2 protein chains.
Amino acid sequence: MKPKISDVAKVAGVSPTTVSRVLNNRGYISQETRDNVERAMKKLNYFPNDVARSLFNKRTNLIGIIVPQTSNPFFGELTFHIESICASLHYKVLLCNSLNRVDKEKSYWEMLMRNQVDGVIAVTYNRGLVNAHEKPLPIVTIDHYLSPTIPVVSSDNYAGGVQATELLIAKGCQHILHINGPLKLETPANLRRKGYETVMQEHGRTAITYEIANALNRGEQQKVIAQLFREHPQVDGIFASDDLIAATLIAEAQKYGKHIPKDLKVIGYDGTETCQTLLPSLTTIRQPIELIAQKAVEVLLKEIEGDYEQEEMDICLPVQLIEGTTT
Amino acid sequence: MKPKISDVAKVAGVSPTTVSRVLNNRGYISQETRDNVERAMKKLNYFPNDVARSLFNKRTNLIGIIVPQTSNPFFGELTFHIESICASLHYKVLLCNSLNRVDKEKSYWEMLMRNQVDGVIAVTYNRGLVNAHEKPLPIVTIDHYLSPTIPVVSSDNYAGGVQATELLIAKGCQHILHINGPLKLETPANLRRKGYETVMQEHGRTAITYEIANALNRGEQQKVIAQLFREHPQVDGIFASDDLIAATLIAEAQKYGKHIPKDLKVIGYDGTETCQTLLPSLTTIRQPIELIAQKAVEVLLKEIEGDYEQEEMDICLPVQLIEGTTT
DNA sequence: CTGAAAGCGCTTACAG
DNA sequence: CTGAAAGCGCTTACAG
């Protein structure tokens, strides 16, 4: 059996109370008792049981993070940074892959509540989630508006959309299209499209957006892209709302005999490390992923500690254009 | 305050014991009491506290997973699958990004013990880890031998190395090199090199392997690649031990004016979904990532449930050659 | 079919 | 400076 505090107490010849005190460094303990207890802990290879501690303290130091899926490079990197930062602050991370599915979001949410997480970082859609529970946990979302009372961290999607579109125009594209994920969802990510539309309008162009219902599915992507080429054979510039779509686009374009960037210029979005390594030629708008993670954790911890300030409801971080050879 | 079992009991007009019984569906309860209790739970929006449950049951349904970093597509996909499978089996996942650093592995390991995880899936190096603790948890590793008593799940690295090398030879390469991660570590991944060396020898060729000390660092990769091109200008075939290295290789080769596949053929390793999307042209050896995740979870749960069988100590899964246009 | 009691491993007032 | 007692929210023998 794993040793418990009373075992240590017995070996050290003190009470469990005293052991607990040296463990938590609380109250006065004589150096001698302290040494005794520490020797006993070492001898028994004792580790405190955090489950018992959490029960008493009503604090788990656990946070939940809900992402669509860590296999997507953007979420994989985001998850990495969030977990790393949390670990450095002595928080532990319970991971949830929601696949953007409402049923999964719901059951994960309930799981996190049952496990008494101190807070959650959500990169997920479902709006009803939060209101459904009377006593919402501290929560912060990334790129998704869940409710007006929940803080959001995102990068400057509007500016990203503007920059991407302006670049295509500057490069001389005449027929510029946009491909996006599911549009009905009210996410800041839709601001990318807004940026695109605004710039197009300013230049007297018609904005046309193709929607991929399930952006995580590559087959779905190919279908929409095929349709796009069919309906707009004259297209010579495309702003894709993420790098994976852009990559699929490039592969499909080659099948149609379109040369990139001569016949068709493509710009993506996200600029993950992975994409910079695997497809360094891609022009893209880079999101400051690590910074997003940092801010999200920072805001969440403030909520948890209770010194949360109103002005931090909506944090918007700068993006950066990275020019490759696809434009 | 969150409602607890005694609150529910009060509302339902029964004892806490009874509430617990309907919660766990244990023992006999009259339909009427059951309905009463359920109504009370709904009314109070009650959710059981899993921390308290875990304390009593000495079972958390929590497993730890330690990977180098989820931002790497291979580990991102592996993590996704492991977590998804666990969720479907009502296990929760505590995520740890070790960066292959011994200090982090150690502190994560201790953290997992304190949190009373039921088991851990480790994709990590440190050998001393396990022996250091008298009472090791149920554990399974992926692609890493920690100790002879710990089961390993991996794909057929030797066959992968053989297939990769044979392909380059079949394509007419005369000077074939290999780039690998840190070689001193006794991982099944080194079998890839063994496969390479064996085939080279069979064909009377000299096997030469370049080592990247920190495979997670792209700057490091570039340095080694530059050295490789300097020392072996006549190289015309390279087997890279993962797809990211292969991608960096391809980018560097272009700087040296080498045309791929005419002047230089490149084959990678892993074949993640992400890589198939971002760099579909890459020839590679695909690991069955989802299957690896499945087996790892399966073996771990058997250890946890206690019906673990000896013959499953070393599970080796088949790999698959995927031919792109880089060979 | 239901409840009172004890206990999971810890911590914190409260005494001394 | 140290210890006995009570309790965190739950569950399981044990009675009835």
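Remember, predicted model here, so these are calculated numbers, not experimental data. Numbers restart at 1 for each chain; the letters A, B, ... are given by sequence-line order, proteins then strands. Side chains included, hydrogens not; waters and symmetry mates left out as well; all remaining heavy atoms used.
Straight-line distance from the NZ atom of A:Lys10 to the P atom of D:dT2: 20 Å, rounded to whole Å.
Atom NZ of B:Lys295 sits in a sparse spot, with 12 or fewer heavy atoms from other residues, nucleotides or ligands closer than 6.0 Å.
Side-chain nitrogen and oxygen atoms of A:Thr18 include none within less than 4.0 Å of the OP1 or OP2 phosphate oxygen of D:dT2.
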Starting at the 5' end of DNA chain C, write a dot or bracket for each base, bracketing those in Watson-Crick or G-U wobble pairs whose two distances are under 3.5 Å and using | for partners on another strand. |||.||||||||.|||
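One side chain, A:Ser71 or A:Gln69, offers a donor N or O that lies under 3.5 Å from an acceptor on the other. Between B:Glu32 and B:Asn36, the side chains place no donor N or O within less than 3.5 Å of an acceptor N or O (distance only, hydrogens not considered).
Look at B:Lys106 and B:Glu110 and you find no salt bridge, because none of the NZ, NE, NH1 or NH2 atoms lies under 4.0 Å from a carboxylate O. A salt bridge is defined here as a Lys NZ or Arg NE, NH1 or NH2 lying under 4.0 Å from an Asp or Glu carboxylate O, and B:Arg53 with B:Asp50 meets this definition.
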One character per nucleotide, please: for nucleotides 7-16 of chain D, 5' to 3', B when the base has a protein heavy atom closer than 4.0 Å, S when only the sugar-phosphate does, - otherwise. BBBSBBB---
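Side-chain atoms of A:Thr60 come within 3.5 Å of backbone atoms of A:Gln116 as a donor-acceptor pair (strictly under, hydrogens ignored).
The closest side-chain heavy-atom distance from A:Glu38 to A:Lys42 is not below 4.5 Å.
In this structure, SG in A:Cys96 is found 6.0 Å from CD in B:Glu83, a value given to the nearest 0.5 Å.
Looking at heavy-atom distances under 4.0 Å, B:Ser54 makes no contact with the nucleic acid at all.
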